[in-house]
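Chain naming here is simple, since letters A, B, ... match the order of the sequence lines and numbering starts at 1 in each. Quick caveat: nothing in here was measured; it's all calculated off a predicted structure.
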Amino acid sequence: MIASLLDPIAPVLLIPLVAAGVLMLVPSYRLGARINIAASLLALLAALSLFATGPSTGQLLLVDELNIVFIALNNFIGFTTAVFSASYIAHEVETDRLTPRLLRFYHAMFQALLCTMNLALVANNIGLMWVAVELATLTTIMLVGIYATEQALEAAWKYFILGSVGIALALFGTILIYVAARPVIGEGLDAMAWTVLITRAQNFDPRLLNLAFVFLLLGYGTKAGLTPVHAWLPDAHAEGPTPISAVLSGLLLNVALYAILRFKMLVAANQNAWAPGTLMITMGLSSLVFAAFMLYRRRDIKRLFAYSSIEHMGIATFAFGLGGPLANFGGLLHMTMHSLTKSAIFFAVGHVAQAKGTQRIAEIRGLTVTHPVLGWGLVLGVVAIAGLPPLGLFMSEFLIISTTFAREPWLAVPLVGGLLIALGALILRLGEIAFGEPEGPSVPVHASYVPLFAHMALVLVAGIYLPRPMVAWFEHVAGLLG
Amino acid sequence: MAAPNLQLDIAHMLAGGLVLASFLLLYQNRIFALLKVFALHSLLLSVAVAWQADIQGAPHLYITAGIAVVLKVLIIPGALYQMVKRLGIHREVETVVGIGPTMLAGMGLVALSIVLMLRVTETADTLAREDLAFALAVILLGLLTMVTRRNAISQVIAFMSIENGLILAATGARGMPLVVEISVAFSVLVALIVIGIFLFRIRERFDTVDMQALDRFSGERT
């Protein structure tokens, strides 16, 4: 027990856990917001220190090349979202949408969510990972419903029903993996540990692995918002507090996709099993094309960007399904860039909705005139998310498209088509929101622009120049993914 | 200690009983009856889990069985019973599809899961094999129940029956670690959701059941 407390991985779990407990007891929401920021910063530092200590493998916890960057990303966006959240909730309290008592709960749940997501990422055990994803679902359900309006409760309910069906399917898949592993590895924890499973996977029963992967893809795919099991995602994004939308889009979807990736590696390690890629390509492309069309009909600004998240998760899933070093590289870069960009967009959208007092796109006009900094921040974010150069998502999409053309030209047709359709929708909406005559009431907001522009600066830099060590890391992991 | 064959037969009988109870849930259109059948479902599960604990020599599974009895046979059905009575929605629960087609679909799903699992798990041991087939049947029937209901309480019950199927699968996989932890995580989820229904009384989900009750009820809220 003492040894596990000294484990270098432990702080990324313990800091948010302790913070969640403390925040439950802090009555002042201002102090709570500060503790929230401080704890997230500490967790970020702990996550960064993992780069120094390097890979380590325990019986339950694991840090390797694949998850280390997700852990860093998770805690970085957790920290910036905590900063954003502090200015966001101050406005919510002023307008009486949230009470200090609810905010105590909100802050505690925020840290609990970070803790469970970190646990899902560092788990070296498919069962533990499942428990972590389940608990993350639970905390987000409660956060989505926190406004307790009829729409928020309906969204939380829908999320609960679909999310729990998803995690139920994922658990069945997890059990099937164990059943496949047991005859080869024997009973006990080893038969559920990633590090052991991956080395012995070639001896598993391929049919069991196939079946397990179908359940796992559908199950964790629900959490990743892949079509046709995405229906919870837009409502949950639209009705919950905006910091939670940012964390959902930027982090939780990534965690789910990370789980799928791990299982994909496992199935790919068995030569007799189906190639898992085909299923992922199908789900990825259908998510992309479906979401691209849905973007045109959105009337709610948060729903608009929620559908855009489905689209981008589709692109990343497609890339990993295609496989190969280049496509995997593109997929990993895409996940990272999407997380940064989409959370930045939600930071902007949160303040926009507060400034305008509405989320209806039709009532938001001329933002760059009334709120120049916020408006242009949003413009920058939308330009990035639409995949225009020179920002980071252009680079990852370019990589994915070019490798698709080289290997499976036919698949490039729906891929490029979907991207262009989505681009059209986003530019159309952006024109309405950002430019033109300002309309309707608008109040000044005390926004914190630092998180927004910090994310956008990173995305811009990544689009122009990726540092050598990062490229080397991405290439290395892309090779591991097969 | 019974003979190995008898042990397996009893295990299979209990798992099969769970599938039958799932069928009962599928066509039950009165909410009190639904609650009672669910209590039976959970009772069967806990007996099945306790039996597995005995024949596998895995005492930690008794904890899982105990949790199932306390929480899902007694507390949750009891709490929901009280709530249904207070809300006055104990009349018929509407279903989206008729009973006939639903039952046929249910039989199809059971056939599917048995064919699928038995074909896929030839290498696994007999106990896990048939348990997994029954468990998948319970899960699929639970999903079917969920999509044919509109009422929040019936949906929660359907979800808990899915959960029962999963716990059956997890205990059938001999020596699987973390089963207790998983069942605890599930119970926390369900318990909080039930509390959530209590606190917020997700209203629009009740409106298709009894509009008058809803109106009275919303009068109380304000």
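Chosen from A:Leu171, A:Leu176, A:Val131, the residue pairing most often with chain B at heavy-atom distances under 4.5 Å is A:Leu171. Ranked by heavy-atom pairs shorter than 4.5 Å toward chain B, the options A:Val165, A:Ile167, A:Leu211 are led by A:Leu211. Interface summary for chain B: among A:Thr137, A:Ile141, A:Ile161, A:Leu135, the most heavy-atom pairs under 4.5 angstrom belong to A:Ile161. For the set B:Leu166, B:Leu143, B:Val184, the count of heavy-atom pairs under 4.5 angstrom toward chain A peaks at B:Leu166. Note on A:Ala180, A:Gly188, A:Gly127: by heavy-atom pairs under 4.5 Å with chain B, the leading option is A:Gly188.
Interface remark: B:Ile162 contributes side-chain atoms only to the contact with chain A (heavy atom separation under 4.5 Å). Heavy atoms of A:Ala191 lying under 4.5 Å from chain B are absent altogether. With a 4.5 Å cut-off on non-hydrogen atoms, A:Asn210 does not touch chain B at all. Proximity to chain B (any heavy atom under 4.5 Å) is shown, for A:Phe172, by both the backbone and the side chain. With a threshold of 4.5 angstrom between heavy atoms, B:Leu116 approaches chain A through side-chain atoms but not through N, CA, C or O.
Within the 4.5 Å cutoff, the side chain of A:Arg182 has no heavy atoms near those of the B:Met176 side chain. Using a 4.5 Å cut-off on side-chain heavy atoms (C-beta onward), B:Leu136 and A:Phe215 make contact.
When all heavy atoms of A:Tyr178 and B:Arg174 are compared, the pair lying nearest together is OH-O, 2.7 Å.
The distance from the CG atom of B:Asp131 to the CD1 atom of A:Ile175 is 10.5 Å, given to the nearest 0.5 Å.
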